Peer 1: 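Structure incoming, see below.
Basis for what follows: all heavy atoms, side chains included, without hydrogens, waters or symmetry-related copies. Predicted model only: the values in this text are computed from it and were never measured.
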Amino acid sequence: MTILVTGGAGYIGSHTVVELINSGYDIVIVDNFSNSHPEVIKRLEAITQQSITYYNVDILDKESLRQVFTEHQISAVIHFAAHKAVGESVSNPLKYYHNNVEGTVSLLAVMDEFNVKRIVFSSSATVYGFNNQSPLSEDLPTNEANNPYGYTKIVNEQILTDMTIADPEWSVVLLRYFNPIGAHASGTIGEDPSGIPSNLMPYITQVAVGKLEQVNVFGNDYDTPDGTGVRDYIHVVDLARGHVKAVDQALNESKLAVYNLGTGQGYSVLDLINTFSEVNEIEIPHEITDRRPGDVAVCYADPTKAREELGWVAEKTLADMCQDSWKWQQNNPQGYQAGNMNG
Ligand code: UFG
């Protein structure tokens with residue numbers, strides 16, 4: 001069975017491709033490489049020992065998408081392709097609504113034309129906004145995001161929900177990710193942010209590798225055990241395996257379902273910095289600075305529903321995440337740009 005993976009060269013997409021192939025699925029990647037590197041394809045081929053079918057196509061380009069659906073018998077789609085920089089979405093909202101919302105509409109229209117009605121969608125814990133209390137469960141209201149990026153996730157969830165109402169043949173699984181970090185055990189694929197990272201783990205690894213001087217800890221006056229922000233960090237390979245379970249379900253049952261993909265365990269900024277230092281035996285200089293606007297104090301999942309309905313639980317520890325992120329960064333100090341791996 002063939003799964004079309006939009007954004008399959010990206011951070012979460014590439015790890016999901018590996019797990020899909022490990023589970024016996026055939027895959028086709030559609031990616032416009034706007035925030036990913038073609039080198040990923042070679043790395044995926046090395047990991048999986050098979051050739052990877054991919055198209056350099058933008059999901060807004062319906063004619064090219066049609067070509068992909070004509071050339072392959074697609075059973076389901078996992079839709080990752082989207083912009084994801086929260087700060088940029090505030091300064092350039094139209095870029096986000098155009099790409100993330102119109103992109104999904106374009107993809108769904110082509111899927112409908114080809115009678116492919118099974119989709120797993122990359123959503124985010126950001127849909128829970130400011131006003132819900134952790135542990136966050138899927139039935140909480142999700143009508144208020146903190147930024148345009150978050151609103152594109154809310155709107156996409158609504159569009160996909162509406163598809164199932166209009167046509168019960170549609171099978172939709174919305175996956176709300178918490179904070180994915182870590183990398184494939186090989187250290188050959190991982191997160192490769194462009195420019196200065198805005199997320200904590202890639203910032204830490206770039207400090208560790210000497211590209212950045214110190215981590216700025218955004219506030220230590222939150223109502224949390226050590227005053228710094230608490231998040232539910234989840235290993236990207238666990239997250240990827242959650243997608244395999246979700247696509248299995250989408251293929252078996254026509255319904256709308258929504259699941260949190262998190263561990264259920266919150267860790268603070270200082271927990272992450274300290275664990276990284278300990279397990280990798282490397283000092284991470286850091287300094288407390290002002291809060292970052294838009295950050296919530298605490299955000300972690302109630303992962304019960306995914307366990308009960310998908311049979312999925314996150315298995316890897318914070319130490320695993322820190323070791324694997326560091327292995328990836330050490331092997332690839334310049335990300336994918338340098339081409340062949342060092343070391
Ligand atoms: N942080 C720092 N210093 C940094 C970066 C982050 O102290 O340099 C702190 C933040 O204040 C926060 C924690 O580290 O307390 C995690 O921040 P990230 O930027 O890594 O992650 P966020 O939780 O802010 O955002 C992530 C994704 C979003 C998604 C959101 C869902 O990046 O795409 O989770 O809750 F929307």
Side-chain angles (χ1 to χ4, degrees), residues 1-59 61-62 64-82 84 103-104 106-108 110-111 113-123 160 171-175 177 180 182-186 188-192 235-252 259 261 310 312 336:
M1 233 173 309
T2 303
I3 312 299
L4 176 69
V5 184
T6 76
Y11 173 45
I12 304 172
S14 58
H15 287 82
T16 300
V17 163
V18 172
E19 298 307 319
L20 287 167
I21 291 172
N22 286 346
S23 301
Y25 286 109
D26 293 325
I27 64 100
V28 172
I29 291 176
V30 161
D31 202 300
N32 68 358
F33 297 99
S34 66
N35 190 26
S36 59
H37 202 284
E39 173 70 18
V40 173
I41 304 294
K42 288 189 209 156
R43 304 282 178 95
L44 288 173
E45 289 181 333
I47 291 171
T48 62
Q49 293 292 301
Q50 58 175 260
S51 94
I52 300 284
T53 307
Y54 75 99
Y55 292 81
N56 185 342
V57 159
D58 191 313
I59 53 168
D61 175 359
K62 280 191 189 167
S64 299
L65 272 184
R66 287 189 185 105
Q67 196 58 39
V68 176
F69 278 85
T70 304
E71 289 175 19
H72 301 275
Q73 184 76 38
I74 303 295
S75 299
V77 176
I78 305 184
H79 177 31
F80 292 101
K84 61 173 184 181
T104 300
S106 163
L107 173 67
L108 293 174
V110 175
M111 287 175 67
E113 279 174 36
F114 285 81
N115 213 26
V116 177
K117 299 182 178 179
R118 298 173 190 285
I119 185 166
V120 175
F121 176 67
S122 262
S123 190
L160 287 157
S171 180
V172 170
V173 183
L174 309 174
L175 297 179
Y177 313 151
H184 188 258
S186 64
T188 60
I189 56 172
E191 186 168 15
D192 181 21
H235 197 293
V236 67
V237 171
D238 278 332
L239 191 75
R241 290 178 183 151
H243 289 74
V244 176
K245 299 281 191 182
V247 91
D248 291 343
Q249 177 179 293
L251 289 165
N252 286 330
Y259 300 107
L261 294 184
L310 295 179
W312 173 88
Y336 291 110

Peer 1: Would you give the length of the straight line joining atom CD1 of I52 to atom CG of D26, rounded to the nearest 0.5 angstrom?
Peer 2: 10.0 Å

Peer 1: Determine whether T16 and V5 make a side-chain contact, defined as any pair of heavy atoms from C-beta on separated by less than 4.5 Å.
Peer 2: no

Peer 1: Side chains of S122 and I12: closer than 4.5 Å at any heavy-atom pair?
Peer 2: no

Peer 1: Give a yes or no answer on whether the side chain of S14 reaches the backbone of G8 with a donor-acceptor pair at less than 3.5 Å.
Peer 2: no

Peer 1: Would you compute the distance between atom CD1 of I47 and atom CD of Q50 and round it to the nearest 0.5 angstrom?
Peer 2: 11.5 Å

Peer 1: Quick one: closest heavy-atom pair of M111 and R118, and the distance?
Peer 2: CE-O, 3.6 Å

Peer 1: Do any N or O atoms from the side chain of Y11 and from the backbone of I189 form a donor-acceptor pair under 3.5 angstrom?
Peer 2: no

Peer 1: Would you check if the side chain of T188 reaches a backbone N or O of R43 as a donor-acceptor pair within less than 3.5 Å?
Peer 2: no

Peer 1: Check the pair I119, L107 against side chain to side chain contact (heavy atoms under 4.5 Å, CB included), reporting the backbone distance first and the verdict last.
Peer 2: CA-CA 10 Å; I119 185 166; L107 173 67; 4.3 Å; yes

Peer 1: Do the side chain of H15 and the main chain of H184 share a donor and acceptor less than 3.5 angstrom apart?
Peer 2: yes

Peer 1: Which heavy atom in V247 sits nearest to a heavy atom in A76, and how many Å separate them?
Peer 2: CG2-CB, 4.0 Å

Peer 1: Taking ring pair (Phe, Tyr, Trp, His ring centres under 6.0 Å) as the test, write out the residues that go with Y25, two or more places apart.
Peer 2: none

Peer 1: Specify the closest pair of heavy atoms between A81 and G7, including all atoms of both residues, with the distance to one decimal.
Peer 2: CB-N, 3.7 Å

Peer 1: Could you tell me which non-hydrogen atom of S106 sits nearest to which non-hydrogen atom of K62, and how far apart they are?
Peer 2: OG-CG, 3.4 Å

Peer 1: With a 3.5 Å distance limit and no angle check, can you tell me whether W312 reaches the backbone of D238 through a side-chain donor-acceptor pair?
Peer 2: yes

Peer 1: I41 vs F33, test: side chain to side chain contact (heavy atoms under 4.5 Å, CB included). Steps then yes/no.
Peer 2: CA-CA 11 Å; I41 304 294; F33 297 99; 4.2 Å; yes

Peer 1: What pairs of donor and acceptor atoms, side-chain ones from residues 17-24 against any protein atom, are under 3.5 angstrom apart with sequence neighbours left out?
Peer 2:
residue: E19; atom: OE1; partner: R241; partner atom: NE; Å: 3.3
residue: S23; atom: OG; partner: E19; partner atom: O; Å: 2.9

Peer 1: What distance separates D61 CG from N32 CG, expressed to the nearest 0.5 Å?
Peer 2: 10.0 Å

Peer 1: Just by modelled atom types, is the G10 backbone N or O under 3.5 Å from a matching donor or acceptor in the S36 side chain?
Peer 2: no

Peer 1: State yes or no: are the ring centers of H243 and Y177 separated by less than 6.0 Å?
Peer 2: yes

Peer 1: Any donor-acceptor pair under 3.5 Å linking the side chain of T53 with the backbone of V28?
Peer 2: no

Peer 1: What closest approach, in Å, do S75 and M1 show between heavy atoms, and which atom pair accounts for it?
Peer 2: OG-CG, 2.9 Å

Peer 1: Applying ring pair (Phe, Tyr, Trp, His ring centres under 6.0 Å), can you list everything that pairs with H79, at least two apart in sequence or on another chain?
Peer 2: F121

Peer 1: Could you grab the distance from atom CG of L108 to atom CD1 of I59, nearest 0.5 Å is fine?
Peer 2: 9.0 Å

Peer 1: Give a yes or no on whether a salt bridge exists between K42 and E39, defined as a side-chain N under 4.0 angstrom from a carboxylate O.
Peer 2: yes

Peer 1: Residues in ring pair (Phe, Tyr, Trp, His ring centres under 6.0 Å) with H72, at least two apart?
Peer 2: Y55

Peer 1: Once rounded to the nearest 0.5 Å, what's the spacing between atom CG of L4 and atom CD1 of I74?
Peer 2: 4.5 Å

Peer 1: Taking only residues two or more places apart in sequence or in another chain, which ones pass side-chain contact (heavy atoms from CB on, under 4.5 Å) with A246?
Peer 2: V120, V173, L175

Peer 1: Mind checking side chain to side chain donor-acceptor pair (under 3.5 Å) for T2 and listing every partner two or more places apart, or none if nothing turns up?
Peer 2: none

Peer 1: So, taking the atom named CG in L310 and the one named CG in D248, what distance separates them when rounded to the nearest 0.5 Å?
Peer 2: 9.0 Å

Peer 1: Please determine whether the number of non-hydrogen atoms from other residues, nucleotides or ligands lying under 6.0 Å from atom CD of Q73 exceeds 12.
Peer 2: no

